Student: 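Before we start, here is the structure in question, set down as structure tokens.
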Amino acid sequence: MGGLGVGKGFGNKGFSNKFEESENIGFLKGYQDGNDAEASGPSRRGGRGSFRGCRGGFGIGRSNNECDQDERAQRTGGLFGSRRTAVSGTGNGDTYRSRSGSARGRGGYKGLNEEVIAGSGKNSWKSEAERGEGGDIQGPKVTYIPPPPPEDEDSIFSHYQTGINFDKYDTILVEVSGHDAPPAILTFEEANLGQTLNNNIAKAGYTKLTPVQKYSIPVTLAGRDLMACAQTGSGKTAAFLLPILAHMMRDGITSSRFKELQEPECIIVAPTRELINQIYLEARKFSYGTCVRAVVIYGGTQLGHSIRQIVQGCNILCATPGRLMDIIGKEKIGLKQVKYLVLDEADRMLDMGFGPEMKKLISCPGMPTKEQRQTLLFSATFPEEIQRLAAEFLKSNYLFVAVGQVGGACRDVQQTILQVGQYSKREKLVEILQNIGDERTMVFVETKKKADFIATFLCQEKVSTTSIHGDREQREREQALGDFRCGKCPVLVATSVAARGLDIENVQHVINFDLPSTIDEYVHRIGRTGRCGNTGRAISFFDPESDNHLAQPLVKVLSDAQQDVPSWLEEIAFSTYVPGFSGSTRGTVFASVDTRKNYKGKSTLNTAGFSSQAPNPVDEESWD
DNA sequence: AAAAAAT
């Protein structure tokens, strides 16, 4: 890696000393204090006075990682409890309708012409609206208040099993670029996250670090900015949440629910509402039993609901861009305390769609500059041109961590490409779904309209199907995801809204009914299966009428993931060969600190038209 | 051109 200073000798002098002697000791000490205090926790009752200890530091025999029981009860049980009563019933609407007009009942889609109203009138949102309890009586649209999260410990910590290939993660090549990177850690214990976090980690079922966690956690703990690229399903969320939480507990938090203006220490953004909600649920797991309160806000829900959530205390704010900017514009949160800014699916957050809003975010009044905050970017794909844009968000000495090939597919997904013309797709889909049986399957299509159409079609074919896309009401989207997650509807037809980040247990199959327009989107979509060491299958319909531009990058992705490449696909790839074409994200290293400076607009393509492999990738084993 | 994201 030409002159990047990356490799075995990659300097971690200085860092480890500093870490052990200053940060780490205070860190440990604080935790010990906190743990002792917490040992007597459950029986303790403290008033507001003792809560102040939470903000102050470690000195008063009460640490930041412990929360006053009363406070905690109010934060979790009490207020949610009353909320639950207030909205009971609204979350159970049996009948709903998409904007495009097809009526759906509980079992998924009804035929377009069968206006089946399932369930009793009492349970349909429509009658609820007529009763005037649901909000807007006029239109078909009822503003959605998301159901309160269940608060019992078991549901907070529910998780699923890692798969048979989980241990194979250890053989993946990892590459770290940039100066003075801290050494990787090998175990959770080494991270010194503290007893409370360790308990939560254990309860969440995490026992072993994934590569992106081994490398990213120490980087984040060292206070460095980070751009991390790791394959789908390999634990990126925990990789940023855990070190941030550890630091927040070490340093103390400023916003309690007693504060007028909430000033979160951490802001996390993601490109879809369902994804940010999933990240929030993880944040809630890891912050359980601490003073840190995570809040999630996104569009399609009542603004007032978002504000009420924030007012109750907000240390980690999980948000989609639109609602976040809205809330900031209304001055419902202050940005002065922001110490951590996380962009999940960072390439997506920085591209043409969201980039302008992210730029607005970092230049909002009160927002600390990049020098004053820590910025973390995570994604499985990261096109080079987007990596360049990222410099505006990151300190110049940021570190770049790449697990495997950037933009590479997960090898635990068996990929199949079938040549299917557009008029044969439906027939082929039914045939495949019949062979699949009851296993959970995501079917991706290109447009919202088509998602409705295919879902309706499948229901007519007696396949229990639901759908998710941006034209459905938020509550419909969440119901669809819920029905799919719990197995009630084993087939989910989706647009790209569900392509990134969603972590759903037991998705054995992904079918690209339509291929996406970019290869990165393909990598994200098939990454909904084969997660966390489990195996999965992806079948894609390749229509030579429309998909030829994907042949070349597909061949690259397939061969990198050691998949069979059909000869007809190779032929199309060859005949549509574009010299100098880079399959968007291909090519591992661009963003390393040194190459960034030297970047002259040329990508690192080899004669095959693809980016070359990273020179001298660091074998993870050599760090041990 | 499409999808997503504020109303």
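Just so it is clear: chains get the letters A, B, ... in the order the sequence lines come, proteins before strands, and each one is counted from 1. Just so it is clear, the values below take in all heavy atoms, side chains as well, and ignore hydrogens, waters and symmetry mates. For clarity, every value in this text was computed on a predicted model and none was experimentally measured.
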Student: Please report the distance, rounded to the nearest Å, between CG in Asp351(A) and P in dA5(B).
Tutor: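 My rounded result for the distance is 13 Å.
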
Student: Take the protein atom CG of Asp471(A) and the nucleotide atom P of dA2(B), then report the distance between them rounded to whole Å.
Tutor: 12 Å

Student: Determine the contact category for Gly300(A): base if any of its heavy atoms lies under 4.0 Å from a base atom, sugar-phosphate if only primed atoms, P, OP1 or OP2 are that close, otherwise nothing.
Tutor: sugar-phosphate

Student: Nearest whole Å is fine: how far is dA4(B) P from Leu481(A) CG?
Tutor: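 It works out to 14 Å between those atoms.
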
Student: Hey, is Asp351(A) close enough to Arg348(A) for a salt bridge, meaning N to O under 4.0 Å?
Tutor: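 A salt bridge is present here (some side-chain N lies under 4.0 Å from a carboxylate O).
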
Student: How many Å lie between OH on Tyr144(A) and P on dT7(B), as a whole number?
Tutor: 14 Å

Student: Look at the side-chain N and O atoms of Arg477(A) and state whether any lies under 4.0 Å from the OP1 or OP2 oxygen of dA5(B).
Tutor: yes

Student: Is it the case that the side chains of Gln474(A) and Glu478(A) hold a donor-acceptor pair, with the cut-off being a distance below 3.5 Å and no angle test?
Tutor: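 Looking only at side-chain atoms, Gln474(A) and Glu478(A) do form a donor-acceptor pair, the distance falling under 3.5 Å.
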
Student: Once you round it to whole Å, what is the distance between C1' of dA4(B) and CZ of Phe444(A)?
Tutor: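 Whole-Å distance recorded here is 14 Å.
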
Student: What residues form a salt bridge (Lys or Arg N to Asp or Glu O under 4.0 Å) with Lys450(A), not counting sequence neighbours?
Tutor: Asp514(A)

Student: Ignoring the backbone of Lys448(A), work out which of dA4(B), dA5(B), dA6(B) is nearest its side chain.
Tutor: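 For the Lys448(A) side chain, the nearest candidate turns out to be dA4(B).
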
Student: Does the side chain of Lys449(A) get closer than 4.0 angstrom to OP1 or OP2 of dA2(B) through an N or O atom?
Tutor: no

Student: Using 4.0 Å as the upper bound for N to carboxylate O, is an ion pair formed by Glu385(A) and Arg388(A)?
Tutor: no

Student: Report which part of the nucleic acid Thr495(A) touches: base, sugar-phosphate, or nothing (heavy-atom distance under 4.0 Å, all strands).
Tutor: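 Sugar-phosphate, no base atom in range.
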
Student: Remember a base hit wins even if backbone is also touched, and classify Thr301(A) as base, sugar-phosphate or nothing at under 4.0 Å, heavy atoms.
Tutor: sugar-phosphate

Student: With Lys336(A), which residues qualify under salt bridge (Lys or Arg N to Asp or Glu O under 4.0 Å), at least two apart?
Tutor: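 For Lys336(A) there are no salt bridge (Lys or Arg N to Asp or Glu O under 4.0 Å) partners, ignoring immediate neighbours.
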
Student: Using only heavy-atom distances, determine whether the side chains of Ser379(A) and Asp347(A) contain a donor-acceptor pair under 3.5 Å.
Tutor: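 Present: a donor and an acceptor within the cut-off.
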
Student: Between residues 319-327 of chain A and DNA chain B, which residues have a heavy-atom gap below 4.0 Å?
Tutor: Thr320(A), Gly322(A), Arg323(A), Asp326(A)

Student: So does Arg273(A) get a side-chain nitrogen or oxygen closer than 4.0 Å to the phosphate oxygens (OP1/OP2) of dA6(B)?
Tutor: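 Checking dA6(B) against Arg273(A), a side-chain N or O does come within under 4.0 Å of OP1 or OP2.
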
Student: Rounded to whole Å, please give me the gap between CG in Leu361(A) and C1' in dA5(B).
Tutor: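 One finds 14 Å between C1' of dA5(B) and CG of Leu361(A), rounded.
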
Student: Round to the nearest Å and state the distance from Glu357(A) atom CD to dA6(B) atom P.
Tutor: 8 Å

Student: Between Gln309(A) and Ser306(A), do the side chains contain a donor N or O and an acceptor N or O under 3.5 Å apart?
Tutor: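 Side-chain D/A pair, Ser306(A) to Gln309(A): absent.
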
Student: Taking atom C1' of dA2(B) as reference, at what distance in whole Å does atom CZ of Phe453(A) sit?
Tutor: 18 Å

